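Every chain is numbered from 1 and lettered A, B, ... according to where its sequence line falls, protein lines coming before strand lines. Basis for what follows: all heavy atoms, side chains included, without hydrogens, waters or symmetry-related copies. Only a predicted model underlies this, so the values are computations on that prediction, with no experimental measurement involved.
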Number of protein chains: 2
Amino acid sequence: MASLRKTASEPRVRLNRERVIGAAIALADSGGLDALTMRRLGDDLSVEAMSVYNHVANKEDLINGMADTVFCEIELPSHSDDWRTAIRKRSISFRDVLVRHPWATTVRDSGTNPGAATLRHHDRVIGTFRNGGFSVAAAAHAFSAVDSYIYGFAMQEKSLPFTTPEETAAMAEILLAQLPTSDYPYLAELTADHVLKPGYRYSDEFLVGLDLILDGLESMRAGPS
Amino acid sequence: MASLRKTASEPRVRLNRERVIGAAIALADSGGLDALTMRRLGDDLSVEAMSVYNHVANKEDLINGMADTVFCEIELPSHSDDWRTAIRKRSISFRDVLVRHPWATTVRDSGTNPGAATLRHHDRVIGTFRNGGFSVAAAAHAFSAVDSYIYGFAMQEKSLPFTTPEETAAMAEILLAQLPTSDYPYLAELTADHVLKPGYRYSDEFLVGLDLILDGLESMRAGPS
DNA sequence: ACCTGAACACCGTTCAAGT
DNA sequence: ACCTGAACACCGTTCAAGT
């Protein structure tokens with residue numbers, strides 16, 4: 001029944017790699033990487049699961065393609081901004097992309113053979129540091145520090161079982177109620193005096209840490225190698 | 001055949017949660033989380049796969065248990081060190097643990113109901129900042145920044161297809177040879193002038209970024225909230 | 001050139017049955 | 001109380017067959 005198209009005139013779009021990857025991203029966005037199944041992907045494309053293999057070597061190739069596509073969504077550092085502004089903007093954009101595609105935090109396209117989008121992006125980031133006055137070594141340090149922070153923050157954020165301030169507060173109340181507060185006094189203090197403050201949002205921590213790192217990089221740039 | 005014990009006198013150790021989790025960690029350490037299969041785990045324990053369910057609710061429960069166990073391996077921040085030394089030591093220990101158990105980088109025990117080891121560890125880290133003179137808000141910032149960095153660094157490190165300087169150099173040569181260097185000039189420069197330098201090891205970047213963050217935290221602690 | 005259906009070797013998990 | 005075997009509903013992937 002599911003294989004019957006609604007009308008004979010339905011224009012049956014030809015399958016291609018781009019459509020396959022797009023549908024796969026949509027599937028992973030809404031249900032996580034676990035929901036991404038070749039059979040389910042075929043369903044979404046109104047095709048048998050095995051047809052997908054005509055456009056993708058295997059699941060690993062599919063996921064690499066997804067990662068490279070998602071990398072394209074990250075705003076490249078602008079040439080007209082100073083290094084700090086440029087890196088700050090692209091870092092914020094990077095995190096936004098990881099929030100939209102949480103599965104991407106655990107997928108490493110860079111592994112063996114990164115896609116073109118990934119290479120171009122990395123080149124531009126390193127170039128931004130170099131043109132901003134960083135030595136080659138300092139640019140390597142900066143790149144590593146900033147991207148490690150972004151990936152790690154996105155992963156921590158993803159693992160939180162709440163997002164809105166209301167959810168956070170509700171969760172914190174429960175945690176605090178069932179926590180043996182005498183065993184974990186500092187955790188209790190942090191929860192009561194910080195997390196439960198009105199308007200608290202873990203995501204606000206992102207810029208605090210990012211600016212802290214950018215400040216450090218500015219000193220590194222100005223100071224000795 | 002596999003179900004026959006070698007000798008009748010073999011002392012058949014009773015299964016328990018601890019042994020199950022230990023074997024699961026060993027399996028994931030050597031083959032990644034993909035290699036961790038209930039059936040394979042049963043094999044390693046000389047038991048049918050289904051017996052594992054007597055000691056573990058399901059695979060998710062198993063993985064949570066593994067994460068909490070691994071958290072115990074992280075050196076707690078010492079009470080006798082100043083905050084910076086204490087956090088630096090435990091951060092290095094944290095990364096060491098994630099290098100030993102790479103699968104743990106993508107597993108979040110903290111999610112819904114963190115284990116006792118995780119809670120105790122977090123409490124001690126926050127306490128170290130508080131006793132070091134950080135306000136509650138600053139301690140929250142510090143905790144978030146440091147742990148995001150550690151997780152992210154471990155993830156990047158895990159995804160690299162090389163570890164020793166020799167492997168790195170070999171990999172960099174190949175990359176450089178097949179890279180259209182005119183399209184990616186800065187990536188090429190970084191590879192040629194930095195990565196290919198004798199003794200280069202990506203893991204050395206860890207302390208550079210960590211100390212940069214600790215410097216920033218020291219300013220935050222001393223300066224205004 | 002692309003799509004299909006059946007098949008294979010796996011998964012996690014349930015459940016009745018054994019001891 | 002713990003372990004087992006068969007079974008169920010899934011996986012990724014191969015391959016011969018269709019168009």
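Counting heavy atoms from C-beta on, the side chains of A:Leu15 and A:His55 come closer than 4.5 Å. In this structure, B:Leu196 and B:Leu176 have side chains that are in contact, with non-hydrogen atoms separated by less than 4.5 Å. When side chains are defined from C-beta on, A:Asp96 does not count as touching A:Glu73, because their heavy atoms never get closer than 4.5 Å.
Residue pairs meeting the side chain to side chain donor-acceptor pair (under 3.5 Å) criterion with at least one member in residues 18-36 of chain A, sequence neighbours excluded, are A:Asp29-A:His101, A:Asp29-A:Trp103.
Comparing atom distances between the B:Tyr53 side chain and each of C:dG12, C:dT4, D:dC2 picks out C:dG12 as nearest.
Computed from coordinates, the B:Glu48 CD to D:dC3 P distance equals 11 Å when rounded to whole Å. Taking atom CG of B:Asp61 as the reference point, atom C1' of C:dG12 lies 14 Å away to the nearest angstrom. In this structure, A:Asn58 places its CG atom 13 Å from C1' of D:dT14, rounding to the nearest Å. Taking atom CG on B:Asn54 and atom C1' on D:dT4, their separation rounds to 10 Å, with Å as the unit. Residue A:Lys59 contributes atom NZ, which lies 9 Å from atom P of D:dC11 at whole-angstrom precision.
You'll find the ring centres of B:Tyr184 and A:His121 outside the 6.0 Å limit. Between A:Phe206 and A:Phe153, the distance separating the two ring centers is shorter than 6.0 angstrom.
Residues that satisfy the ring-ring contact (aromatic ring centres under 6.0 Å, His included) test with B:Phe162, not counting sequence neighbours, are absent from this structure. Partners of A:Arg124 under the salt bridge (Lys or Arg N to Asp or Glu O under 4.0 Å) rule, at least two apart in sequence or in another chain, do not exist in this structure.
A salt bridge links A:Arg130 to B:Glu189: one of the charged nitrogens lies within less than 4.0 Å of a carboxylate oxygen.
For the residue pair B:Thr163 / B:Tyr202, no side-chain donor-acceptor distance below 3.5 Å is found, with atom types taken as modelled. For the residue pair A:Ser91 / A:Tyr149, no side-chain donor-acceptor distance below 3.5 Å is found, with atom types taken as modelled.
Heavy-atom distances under 4.0 Å link DNA chain C to B:Leu36, B:Thr37, B:Met38, B:Arg39, B:Arg40 of residues 31-41 of chain B, given in residue order.
The phosphate of D:dT4 has OP1 or OP2 within less than 4.0 Å of a side-chain N or O from B:Ser51. Side-chain nitrogen and oxygen atoms of B:His55 include at least one within less than 4.0 Å of the OP1 or OP2 phosphate oxygen of D:dC3.
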For nucleotides 15-19 of chain D, give me every protein contact, N/O to N/O, under 3.5 Å, one pair per line with atom names.
none

Query raised in the report: Dot-bracket for DNA chain C: what is it, with Watson-Crick or G-U pairs under 3.5 Å, [ ] where a pair crosses earlier ones, and | for a pair to another strand?
Result: ||.|||||...|||||.||
